[in-house]
Colleague: 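There's a structure below that I have some questions on.
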Amino acid sequence: EEVAPFALYFGNRFKAEEYLYQDELEEYEKMYDWFKLYVAFSRDDPKKKVYVQDLVGMTDDARVLLRESKRGLLYVCGNRQLPKPLQHALTRTFAQHSDDKGEVAAAAAAVEELYIKGRAQQEVW
């Protein structure tokens, strides 16, 4: 059975205490070529805080998965402050970091459409 490409971006403060289902998620990534896992822990290194939206912005996987593929799915988990910065990061990567207003507007509309269609989901706490 063919499964749609799926990426999980998971963020929390401390890896040792808050990496939920670490063993299972890392095992899934090894077992299934359709599953990609990205993790960010913002308080492990006080000199270099990494947030989920940073990972989305640093990789083109979200754009490829959602905009160039017709079947890809994105699930993002993180802090309750995540939604606006995540939407900004997705829009920037969809626009391929262009400052062209038309490109950015089209990218923002594409991001919104993916949420409406259920291909992009976020869970915040």
Colleague: Any chance you could measure E27, atom CD, to Y32, atom OH, to the nearest 0.5 Å?
Modeller: 9.0 Å
Colleague: Give, for atom OG1 of T59 and atom NZ of K36, the distance between the pair rounded to the nearest 0.5 Å.
Modeller: 8.0 Å
Colleague: Do side-chain atoms of Q121 reach the backbone of Y75 as a donor and acceptor pair under 3.5 angstrom?
Modeller: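 No, because the side chain of Q121 does not come within donor-acceptor range (under 3.5 Å) of the backbone of Y75.
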Colleague: So which heavy atom on R67 is nearest to which on A110, and how close?
Modeller: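 Smallest interatomic distance, heavy atoms only, reads NE-CB, 4.0 Å.
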Colleague: Does a side-chain heavy-atom distance below 4.5 Å link T93 with D60?
Modeller: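 Result yes, sub-4.5 Å side-chain heavy-atom pair found.
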Colleague: Minimum heavy-atom separation for A62 and F94, please, with both atom names.
Modeller: O-CE1, 3.8 Å
Colleague: Linking I/L/V/M/F/W/Y whenever any side-chain heavy atoms sit under 4.5 Å apart, do V3 and L74 land together?
Modeller: no
Colleague: Does the side chain of Q87 reach to within under 4.5 Å of the side chain of V111, using non-hydrogen atoms?
Modeller: yes
Colleague: Please tell me whether Y19 and F41 form a close aromatic pair, meaning their ring centres lie under 6.0 Å apart.
Modeller: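 When the ring centroids of Y19 and F41 are compared, they turn out to be within the sub-6.0 Å range.
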Colleague: Assess whether a salt bridge exists between D99 and R92, defined as any Lys/Arg side-chain N lying under 4.0 Å from an Asp/Glu carboxylate O.
Modeller: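 Yes.
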Colleague: Taking the basic N atoms (NZ, or NE/NH1/NH2) and the acidic carboxylate oxygens, is any pair closer than 4.0 Å for D45 and K48?
Modeller: no
Colleague: Hey, are E2 and R71 close enough for a salt bridge, meaning a charged N less than 4.0 Å from a carboxylate O?
Modeller: yes
Colleague: Any salt bridge linking K30 with E26? Criterion: basic side-chain nitrogen under 4.0 Å from a carboxylate oxygen.
Modeller: no
Colleague: Output the distance between atom CG (L66) and atom CG (L114), rounded to the nearest 0.5 Å.
Modeller: 5.0 Å
Colleague: Let me confirm one number: the CD-OG distance from E18 to S42, rounded to the nearest 0.5 Å.
Modeller: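 OG of S42 is found 8.0 Å from CD of E18.
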Colleague: I need the minimum non-hydrogen distance between R119 and S69, along with the two atoms involved.
Modeller: NH2-O, 2.9 Å
Colleague: Supply the atom-to-atom distance Y9 OH to D54 CG, rounded to the nearest 0.5 angstrom.
Modeller: 11.5 Å
Colleague: Look only at the side chain of E103 and the backbone of S98, and say whether a donor-acceptor pair between them is shorter than 3.5 Å.
Modeller: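 No, E103 side chain to S98 backbone: no donor-acceptor pair under 3.5 Å.
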Colleague: Answer with yes or no whether the hydrophobic clustering places L20 together with L37; edges join I, L, V, M, F, W, Y residues whose side-chain heavy atoms lie under 4.5 Å apart.
Modeller: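 Yes.
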Colleague: Look at the rings of W125 and F10 and say which category their plane angle falls in: under 30° parallel, 30 to 60° tilted, over 60° perpendicular.
Modeller: tilted
Colleague: Please report the shortest heavy-atom distance between F14 and D44, naming the atom on each side.
Modeller: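 The pair with the smallest heavy-atom distance is CA-OD1, 3.5 Å.
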Colleague: What pair of heavy atoms forms the shortest contact from L82 to C77, and how long is it?
Modeller: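 Distance-wise, the nearest heavy atoms are CD2-C, 4.1 Å.
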Colleague: Please assess Q53 against H88 for the test side chain to side chain contact (heavy atoms under 4.5 Å, CB included), listing each intermediate value before the final yes or no.
Modeller: CA-CA 8 Å; Q53 63 268 22; H88 178 74; over 6 Å; no
Colleague: Are more than 12 heavy atoms, taken from residues, nucleotides or ligands other than E112, located less than 6.0 Å from that residue's CD atom?
Modeller: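 It does not: E112 CD has 12 such atoms or fewer within range.
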Colleague: Measuring only between side-chain heavy atoms, which start at C-beta, is L65 closer than 4.5 Å to L73?
Modeller: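 No; the side chains remain at least 4.5 Å from each other.
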Colleague: Check whether more than 12 heavy atoms from other residues, nucleotides or ligands sit under 6.0 Å from atom CZ of F6, and answer yes or no.
Modeller: yes
Colleague: What closest approach, in Å, do V56 and A89 show between heavy atoms, and which atom pair accounts for it?
Modeller: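 Scanning both residues completely, I find the closest heavy atoms to be CG1-CB, 4.1 Å.
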Colleague: Any side-chain heavy atom of Q96 within less than 4.5 Å of one from R63?
Modeller: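 Yes - at least one pair of side-chain heavy atoms lies under 4.5 Å apart.
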Colleague: Side-chain heavy atoms nearer than 4.5 Å, only ILVMFWY residues, links allowed to pass through others: does that put L90 and L8 together?
Modeller: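 No, L90 and L8 fall in different hydrophobic clusters.
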Colleague: Identify whether W34 and Y21 are in the same connected component of the hydrophobic contact network (ILVMFWY, side-chain heavy atoms under 4.5 Å).
Modeller: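 Yes; Y21 is reachable from W34 via cluster members.
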Colleague: Please tell me if the side chains of Q122 and Y115 come closer than 4.5 Å, counting only heavy atoms from C-beta onward.
Modeller: yes
Colleague: Once rounded to the nearest 0.5 Å, what's the spacing between atom CD of E68 and atom NZ of K70?
Modeller: 9.5 Å
Colleague: According to a hydrophobic-cluster definition based on side-chain heavy atoms being under 4.5 Å apart (Ile, Leu, Val, Met, Phe, Trp, Tyr only), do L55 and L25 belong together?
Modeller: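 Each belongs to a different hydrophobic cluster.
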